Amino acid sequence: MNNIEFFVGDITKIKVDAIVNAANSSLLGGGGVDGAIHRAAGVRLLEECRRLGGCRTGEAKITNGYNLPAKYVIHTVGPIYSGAESDETDLYNCYYNSLLLAKENDVHSIAFPGISTGVYGYPKEAAAKIALRSITTWLSDNSGYDMKITIVNFSQHDYEIYQSVIGK
Ligand code: AR6
């Protein structure tokens, strides 16, 4: 996992080419990491999001980062956890499609929060496994492309969940 590193803390503080937002399908802001990103980026982010016309679950859209240290924000919509098989596919697609969109925009460093693991209720260990599977698959599918990936854990506890998944 040479291209993957971990950061414990606030994703809005990270200087990378793109940070990923765990948004909702309206793309018009909300709580959690979405609220934090909109507060830190400023009102121009909401103005640009209004022009995007929403986003489907598992898909991703890109905007500028405005007042953030990151150049871009990639907004993706995770599944609201229900236990259905489609949750796993949707969550996998969030990571994979965010990376595809990043590459299309010449992004070479990207930071992900734990998509769906807050308000949307996805169990954190299961979500970490899917995130790692999606990211490592994308990296091997795009092995000629230089992409540095940061997984952002908001708490030490979330970080430990990831490390236990990697250790297994
Ligand atoms: N930096 C990094 N991670 C964070 C931050 C932050 N500043 N703030 C929260 N997290 P959530 P979801 C973590 O609820 O489950 C919003 O209202 C948090 O600990 O933000 O995908 C949207 O508008 C958790 O592990 O996103 C949607 O309506 C992870 O980020 C809905 O919530 C995701 O938690 C999306 O729910």
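In each ligand, atom 1 is the first atom listed, and ligand 1 is the first ligand listed. For clarity, every value in this text was computed on a predicted model and none was experimentally measured.
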Using heavy-atom distances, let me know which of Val33, Thr117, Ile11 sits nearest atom 24 (C) of ligand 1.
Thr117
Closest by any non-hydrogen atom to atom 17 (O) of ligand 1: pick that one out of Gly31, Ala23, Ser25.
Gly31
Looking at ligand 1, does any of its N/O atoms fall within less than 3.5 Å of an N/O of [X]?
{"X": "Gly32", "answer": "no"}
{"X": "Val119", "answer": "yes"}
{"X": "Lys124", "answer": "no"}

Close approach, [X] and ligand 1, non-hydrogen under 4.0 angstrom:
{"X": "Gly9", "value": "yes"}
{"X": "Asp10", "value": "yes"}
{"X": "Gly78", "value": "no"}

Output yes when a side-chain donor or acceptor of [X] lies under 3.5 Å from a complementary backbone atom of [Y], and no otherwise.
{"X": "Asn67", "Y": "Ala41", "answer": "yes"}
{"X": "Asn153", "Y": "Val8", "answer": "no"}
{"X": "His108", "Y": "Asp146", "answer": "yes"}
{"X": "Ser134", "Y": "Tyr92", "answer": "yes"}
{"X": "Ser109", "Y": "Asp17", "answer": "yes"}

Tell me every residue that passes side-chain contact (heavy atoms from CB on, under 4.5 Å) with Tyr120, counting only those two or more places apart in sequence or in another chain.
Asn24, Ile80, Ser116
Atom CD1 of Ile151 and atom CD1 of Ile149: how far apart are they, to the nearest 0.5 Å?
7.5 Å
One should read off an interatomic distance between Ile110 CD1 and Ile14 CD1, to the nearest 0.5 angstrom, of 11.5 Å
For [atom], what is the nearest protein heavy atom, given as residue, atom name and distance?
{"atom": "atom 31 (C) of ligand 1", "result": "Tyr120 CE1, 3.5 Å"}
{"atom": "atom 15 (O) of ligand 1", "result": "Gly118 N, 2.8 Å"}
{"atom": "atom 22 (C) of ligand 1", "result": "Asp34 OD2, 3.5 Å"}
{"atom": "atom 33 (C) of ligand 1", "result": "Gly114 O, 3.2 Å"}
{"atom": "atom 6 (C) of ligand 1", "result": "Phe154 CE1, 3.3 Å"}
{"atom": "atom 21 (O) of ligand 1", "result": "Ser116 N, 2.8 Å"}

Enumerate the atoms of ligand 1 whose separation from the nearest heavy atom of Gly30 is less than 4.0 angstrom.
17 (O), 23 (O)
Below 4.0 angstrom from a heavy atom of Ala36, which ligand 1 atoms are there? Numbered from 1 as shown, please.
7 (N)
Ion pair check, Glu48 and Lys61, cut-off under 4.0 Å:
no
Short version for Ala22: what comes under 4.0 Å of ligand 1, heavy atoms counted, is both
Should Tyr72 and Leu99 be regarded as members of a common hydrophobic cluster, given that ILVMFWY residues are connected when their side-chain heavy atoms come within less than 4.5 Å of each other, either directly or indirectly?
yes
Assign the ring pair His38 / His75 to parallel, tilted or perpendicular, where the plane angle (0 to 90°) is split at 30° and 60°.
tilted
